[in-house]
Undergrad: 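Sharing a structure below in structure tokens format, with a few things to ask.
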Amino acid sequence: MGRPAADDDSGLPDLPPEWGRVVVPNNAAELSAEAEQIRRELNRPTPSGSVVPTLLALLVVMVTVLAGLSATIWAQSPPAPLASTPATPAPPTDLIGRTMPAFDLVDNGQPVPLRGLLPAVILLADACACPAEVASTVAVAPPGVTVIAINPDPAVRDAPPAPPTTLRALDDPADGLRAFLRLPPRADVVSALLVDRSGTVRKLVPELHSTADYEPELARLAN
């Protein structure tokens, strides 16, 4: 079938020793089986050709599952609450009937005792340039009741009312009144406080809309 290749008579070049013993057949037909096996190996489809469809199918399944999961979570999520304007704070009910502390307000740097101006309607106008609200209060205030605008807009200071109503534009640098009433300033909001002759709180309106909010109590202040 074949003969061993000897180092001295094979006619082959020196081969690496790790190849072992090389046998050269006398007839090339004896290699037909090996040739057929090599042709089958060369014609076999590559693994990547069969893996690509599988990967595509897996990708489609994953995308479908994620889409369904996202739709379920979105449907179950509660809608975000709509933004709303801050609610008008309720007046502190424990202040009604209480006696006002002995506050000193300021007029051009000079202290003005609040008790000397009672009975009074006190308008906290420091967060609002609202001369109309001040003018409306002045218009309905009975004689003998002082209208006090706290930290008012310059337009209020420059427009004193005609007698018999007295309007005092005073400052409260320490915000003592707001601290006592527990009413923080709110933009474009005027608050009204009605105090009788003895210094007792009779009415507190956190957000003044019209004089109708306090007119019944206002009429009783002059008595």
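Computed from a predicted model, the values in this text were never measured in an experiment.
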Undergrad: With rounding to the nearest 0.5 Å, note down the distance linking OG in Ser136 to CD in Glu215.
TA: 9.5 Å
Undergrad: Taking all non-hydrogen atoms of both residues, which atom of Leu193 and which atom of Leu204 are closest, and how far apart?
TA: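 Result for this residue pair: CD1-CD1, 4.2 Å.
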Undergrad: If hydrophobic clusters are built by linking Ile, Leu, Val, Met, Phe, Trp and Tyr wherever their side-chain heavy atoms come under 4.5 Å apart, do Val112 and Phe180 end up in the same one?
TA: yes
Undergrad: When you compare the side chain of Leu218 with that of Pro142, does any pair of heavy atoms fall below 4.5 Å?
TA: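 A side-chain contact exists here, since the closest heavy-atom pair is under 4.5 Å.
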Undergrad: Which heavy-atom pair separates Leu183 from Arg178 by the least distance, and what is that distance?
TA: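 Minimum heavy-atom separation between Leu183 and Arg178: O-NH1, 2.9 Å.
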Undergrad: Within a strict 4.5 Å, meaning less than it, do heavy atoms of the Thr137 and Tyr214 side chains meet?
TA: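 When only atoms from C-beta onward are counted, Tyr214 and Thr137 do touch, with a gap below 4.5 Å.
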Undergrad: Give the C-alpha distance, both sets of side-chain angles, the deciding distance and a yes or no for side-chain contact (heavy atoms from CB on, under 4.5 Å) between Leu114 and Ile148.
TA: CA-CA 9 Å; Leu114 176 60; Ile148 304 174; 3.7 Å; yes
Undergrad: Is there a side-chain contact (heavy atoms from CB on, under 4.5 Å) between Asp196 and Leu118? Walk through the geometry before answering.
TA: CA-CA 6 Å; Asp196 66 13; Leu118 301 179; over 6 Å; no
Undergrad: For the OG1 atom of Thr200 and the CG atom of Leu221, what is their distance to the nearest 0.5 Å?
TA: 10.5 Å
Undergrad: Please answer whether the main-chain N or O of Leu117 pairs with a side-chain N or O of Thr146 as donor and acceptor at a distance below 3.5 Å.
TA: yes
Undergrad: Give the C-alpha distance, both sets of side-chain angles, the deciding distance and a yes or no for side-chain contact (heavy atoms from CB on, under 4.5 Å) between Leu124 and Asn151.
TA: CA-CA 7 Å; Leu124 302 176; Asn151 303 328; over 6 Å; no
Undergrad: Show the nearest heavy-atom pair for residues Pro111 and Pro113, with the distance to one decimal.
TA: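 It is O-CD, 4.0 Å.
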Undergrad: Could you state the interatomic distance from CG (Leu194) to CD (Glu217), rounded to the nearest 0.5 Å?
TA: 7.0 Å
Undergrad: For residues Val121 and Val145, determine if any side-chain heavy atom of one lies less than 4.5 Å from a side-chain heavy atom of the other.
TA: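 Yes - at least one pair of side-chain heavy atoms lies under 4.5 Å apart.
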Undergrad: At their closest point, which heavy atom of Leu123 faces which heavy atom of Glu133, and how far apart are they?
TA: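 That closest heavy-atom pairing would be CD1-O, 4.4 Å.
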Undergrad: State the CG-CG distance between Leu170 and Asn108, to the nearest 0.5 angstrom.
TA: 9.5 Å
Undergrad: Kindly indicate, with the supporting measurements, whether the criterion side-chain contact (heavy atoms from CB on, under 4.5 Å) is fulfilled by Lys203 and Val205.
TA: CA-CA 7 Å; Lys203 181 77 173 181; Val205 183; 4.0 Å; yes
Undergrad: Can you give me the closest heavy-atom contact between Asp107 and Ala169, atom names plus distance?
TA: OD1-O, 4.3 Å
Undergrad: Are Ile150 and Val189 joined in one hydrophobic group, where the rule is that I, L, V, M, F, W and Y side chains link up if heavy atoms are under 4.5 Å apart?
TA: no
Undergrad: Say whether, by atom type as modelled, one donor and one acceptor occur between the side chain of Asp171 and the main chain of Pro173 under 3.5 angstrom.
TA: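 Not at all, since once roles are kept as given, no pair shorter than 3.5 Å links the two residues.
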Undergrad: Ignoring hydrogens and geometry, is there a side-chain-to-backbone donor-acceptor pair from Arg115 to Met100 under 3.5 Å?
TA: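 Answer holds: yes.
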